Structure formats: C-alpha cells, structure tokens
Engineer: 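Would you mind keeping the following structure in view while I ask a few things?
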Amino acid sequence: MKVVFMGTPVFAAEALRAVAAEHEVVCVYTQPPRPAGKGYKLTPSPVQVTAEELGIPVRCPTTLRTPEAQANFAALQADIGVVCAYGLILPQAILDAPAKGCLNIHASLLPRWRGAAPIQRAIQAGDTETGITIMQMDAGLDTGPMLLSESTPITATTTAAELHDRLMTIGCRLITQALNHLPQPIPQPAEGATYAAKLQKTEALIDWAQPAEQIERTIRAFNPVPTAYLMNGAERIKVFAAELAEPTTAPAGTVLDDTLRIACGHGTSLRLTHLQRPGKKPLPADEILKGWTLPKGTNLAV
RNA sequence: CGCGGGGUAGAGCAGUCCGGUAGCUUGCCAGGCUCAUAACCUGAAGGUCGGAGGUUCAAAUCCUCCCCCCGCAA
C-alpha cells in the first residue's frame, strides 16, 4: 500500500522502518529541525534522519490547518496514513484524505492513558501492565476504534527506558500486522478511560512529602527523561533509581544517614541507588559514595 | 560564537585561587586476627595529574591552542 507516515521521536522512527520494510512510504511528515544540544545546532528529528536514510521524501510543516498544507497532503493520494507520536493535531481533512484513513500507534491499552505520556503515566500510577494499541484515528484525542492491541507487564523495577524499548518492538510488529490484515476496528470500551497528561518539567523535582512508594515510581517513570531530581542547596542531583527503605519519624526530606537514605511522606523513607551530580556521569550509589554524599541532617524539602 | 560544570592510581574524589615532582576513600595483592565475614589489624603494588606548546630555577597548579565527557536549555 501507499503509506504516508507521520511521527517524530525514536519510537516513531523504528515504526517507520518497520512500515517501510513492507510498504511503499510515499512521504514522511515530521517536526521541523529544532535547536538542540550544546551548540544549539538545528537537529533533525529521529524520524527525519531515518526517512532520509531510507530515501523517503520528508515534509516538516508547522501546521496542517491551512488549505495549502491539506491540499499538499491530499495530493499524495496515499492509501493510508500511519501516525505515531507526531506532535501536531491532525484536522479532519487530513484524517479523511487517505482512502483508508489514518492509523495510530498508541503506547497504552486504550482507553486507559489516552494522550501524550502514556508510558510514563502507567508506571507512575503503579499499573501492572500496559501495552500497544493500534487504532483508527478519529477527531477525538486517542478515542478511535481499535484494530489490534498487545499487553506487556510492568514490574516493580520497570523503568520508562526499558518499557519504551519493549513497546517500540511491539508497536513495530503490530503496525505491520495491522497494515497487512486491516482487522475490523472495534469501538473503545466506554469505561476505564484516563488521560496521560504531558510531563511537566516541574514534576521532575522530587516532592519529599509524597510516600516513598509514589516517589520511587515517579523516579522510574521519569528515567531517562525528564529524570527525577532533587536540590541539594544549589546542586541539582538527578536520581535514576531508588529503593524503599525502613520507616522513620523524621520530617519528609531529611537526609537520615550517610548512605543516601531520605525521609519521605507518611513516615516512609527511600534510599537513592543511582544518581548523577551536575557535570558528572550517572553512578550507582556505592560508587558515588566513595567520594561524596548528601550531608546527614540536611532537609531537601526546603 | 546560547549558558555552565568536569577530565588527577582500577573506581569515586581532594589538591589548582596563594607554583616547589601528589593525597583521601574504596578496590586489588600479600600477611595477620577470627568459628566465620562484605568486619578488624599490618604491609605492598599502582599515576607521563586529558593532549600539545609557552612562562619559570621549578607547573596538577599560571598563559595559549586542541581533544573528550556532562548539566541547563530545546
């Protein structure tokens, strides 16, 4: 089939690779190159890099609301659109342009976790499983009928990094299946819909008033991006992993000992096990403790 | 020229401002103690201080250029 692919991050780039392996991808839409990295250099999206590698034409419109943009899209005369973490709202005219509409690869078991950050929110909420859903896009936010889905477990140690990679693999497999067989879409259940709000930078600052269990989940959900962190004075310390520790009566945020054990809300505590100081590499606690520690008695919640 | 931090024994760090050939923790090796140990004691090995120039009687430390890593920001 003639496919138009729309996506931006690595997750989508792999999906593009999978689709292109079995179908004719006539054009790729992605976000324009943005300043990034040390030199603030314009950096093309992973999808753009992959598309160029595959020799597929790339378009980077900043909006799809204009008649010209929609006409350009329709002129491709694609059979179907595949959308995966694109980052632009698709107007009805775009959704309707391909003969078979547009399919979306979504990283959750719909209708749970519709929206921008399904992987992270599932971990943060303590879900024990999540998955990939392939759906037929409609006007709503991730509300379209579902063609295929597959679940995968979330354990007590699953990080967003790991889950992302696992879901990416599943996503590639399912989108290929969906394109090849075009299963009959079934409507999403009316019950159980939740929304995965976009990650805010401010959420990454650890709130010590929360119970240790909740903080630990957030740390896993935010690893590797945006990465949970704490402030030690002016020093911003990134936290990649932690484990639940013994109860305490100390106020939340108190550094309880010299081995990175910190008091959390409701009398709980957490021991940081993998962290990164500014300008340094991420290190396991036993390594970093050879030359540095958080001073006992410090209150990080201030 | 977006802003900033850093590269010193296998690992993690101090020392750099106020030049005088390097120190701490840990690891490693040998020995001791112990019922035993990731515990303790004793001893030993291990570093062209990121690279190249320059200043100096003398440079990890001051000056110039280069390489590499990282944070912010997107």
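A quick note: this is a predicted structure, and the numbers were derived from the prediction, not measured. Per chain, numbering begins at 1; letters A, B, ... match sequence-line order.
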Engineer: Where the side chain of A:Gln276 is defined as all heavy atoms beyond and including C-beta, which of B:C72, B:U26, B:C70 is the nearest nucleotide?
Structural biologist: B:C70
Engineer: Looking only at atom C1', what distance separates B:A9 and B:G50, rounded to whole Å?
Structural biologist: 15 Å
Engineer: Expressed as a whole number of angstroms, how long is the span from A:Lys281:NZ to B:G50:P?
Structural biologist: 15 Å
Engineer: For B:A30 versus B:U64, give the span between their C1' atoms, rounded off to a whole number of Å.
Structural biologist: 48 Å
Engineer: Taking atom P in both B:U16 and B:U61, compute the distance separating them and give it to the nearest angstrom.
Structural biologist: 12 Å
Engineer: For B:G31, give the paired nucleotide (Watson-Crick: N1-N3 plus N6-O4 or O6-N4; G-U: N1-O2 and O6-N3; both under 3.5 Å), or none.
Structural biologist: B:C41
Engineer: Determine the Euclidean distance between corresponding C1' atoms of B:C17 and B:C63; express it in Å to zero decimal places.
Structural biologist: 15 Å
Engineer: Determine the interatomic distance between C1' on B:U48 and the same-named atom on B:U42; round to the nearest Å.
Structural biologist: 32 Å
Engineer: Taking B:A45 as the reference, what is the distance to B:G31 when you measure between their C1' atoms (whole Å, please)?
Structural biologist: 14 Å
Engineer: Write down the distance between CG (A:Asp286) and C1' (B:G10), rounded to a whole number of angstrom.
Structural biologist: 14 Å
Engineer: Is a donor on one side and an acceptor on the other found under 3.5 Å between the side chain of A:Thr63 and the backbone of A:Arg65?
Structural biologist: yes
Engineer: Looking at RNA chain B, which of residues 35-42 of chain A put a heavy atom within less than 4.0 Å of it?
Structural biologist: A:Pro35, A:Ala36, A:Gly37, A:Lys38, A:Gly39, A:Tyr40
Engineer: Do any pairs count as a side-chain hydrogen bond (donor to acceptor under 3.5 Å, both in side chains) and have a residue in residues 67-85 of chain A, sequence neighbours left out, and if so which ones?
Structural biologist: none
Engineer: Please report the shortest heavy-atom distance between A:Ala263 and A:Ser269, naming the atom on each side.
Structural biologist: CA-CB, 4.1 Å
Engineer: Determine which nucleotide pairs with B:C65, using a 3.5 Å limit on both distances of a Watson-Crick or G-U wobble pair.
Structural biologist: B:G51
Engineer: Give a yes or no on this: more than 12 heavy atoms of other residues, nucleotides or ligands lie within 6.0 Å of atom CG of A:Leu141.
Structural biologist: yes
Engineer: Roughly how many Å is it from CD in A:Glu235 to C1' in B:G4, rounded to a whole number?
Structural biologist: 14 Å
Engineer: Return the polar atom pairs (N/O with N/O) between nucleotides 66-68 of chain B and the protein under 3.5 Å, or none.
Structural biologist:
none

Engineer: Could you give the side-chain donor-acceptor pairs of residues 235-256 of chain A under 3.5 Å, partners two or more places apart or in another chain?
Structural biologist:
residue: A:Glu246; atom: OE1; partner: A:Arg261; partner atom: NE; Å: 3.2
residue: A:Thr248; atom: OG1; partner: A:Ala250; partner atom: N; Å: 3.0
residue: A:Thr254; atom: OG1; partner: A:Pro251; partner atom: O; Å: 2.7

Engineer: Both A:Arg277 and A:Pro282 contact RNA chain B. Which one's nearest nucleotide lies toward the 5' end?
Structural biologist: A:Arg277
Engineer: Looking at every strand, decide which applies to A:Leu283 at a 4.0 Å heavy-atom threshold: base, sugar-phosphate, or nothing.
Structural biologist: sugar-phosphate
Engineer: Distance check, P atoms only: B:C67 and B:A60, in whole angstrom units.
Structural biologist: 23 Å
Engineer: Could you tell me how far apart A:Ile237 (CD1) and B:G5 (P) are, to the nearest whole angstrom?
Structural biologist: 16 Å
Engineer: Tell me the side-chain hydrogen bond (donor to acceptor under 3.5 Å, both in side chains) pairs involving residues 199-208 of chain A, sequence neighbours left out?
Structural biologist: A:Arg121-A:Glu203
Engineer: So do A:Pro189 and A:Met146 actually touch side chain to side chain, heavy atoms under 4.5 Å?
Structural biologist: yes
Engineer: Would you kindly give the CG-to-P distance between A:Asn232 and B:G71, to the nearest whole Å?
Structural biologist: 18 Å
Engineer: Would you measure the distance from the C1' atom in B:U21 across to the matching atom in B:A58 and give it in whole Å?
Structural biologist: 9 Å
Engineer: Could you pull out the closest heavy-atom pair between A:Val47 and A:Ala12, with the gap in Å?
Structural biologist: CG2-CB, 3.6 Å
Engineer: With RNA chain B as reference, determine whether A:Lys238 or A:Gly291 sits nearer its 5' end, using the nearest nucleotide of each.
Structural biologist: A:Gly291
Engineer: Under a 3.5 Å limit for both distances, which nucleotide forms a Watson-Crick or G-U wobble pair with B:U25, could you say?
Structural biologist: B:A11
Engineer: Roughly how far apart are A:Leu88 CG and A:Tyr29 OH, rounded to 0.5 Å?
Structural biologist: 11.0 Å
Engineer: Can you measure A:Lys290 atom NZ to B:G23 atom C1' for me and round it to whole angstrom units?
Structural biologist: 17 Å
Engineer: Could you give the CZ-to-C1' distance, from A:Arg34 to B:A74, as a whole number of Å?
Structural biologist: 9 Å
Engineer: Just compare B:A73, B:G12, B:C13 and give me whichever is closest to any side-chain atom of A:Lys201.
Structural biologist: B:A73
Engineer: In whole Å, what is the span from the CG atom of A:Asp258 to the P atom of B:U26?
Structural biologist: 14 Å
Engineer: Tell me whether A:Gln177 at atom CD has more than 12 heavy atoms from other residues, nucleotides or ligands lying less than 6.0 Å away.
Structural biologist: yes
Engineer: Let's test this: given Watson-Crick or G-U wobble pairing with both distances under 3.5 Å, identify the partner of B:G2.
Structural biologist: B:C72
Engineer: Clusters formed by hydrophobic residues whose side-chain heavy atoms approach within less than 4.5 Å: which one holds A:Tyr229, and what are its other members?
Structural biologist: A:Leu205, A:Met231
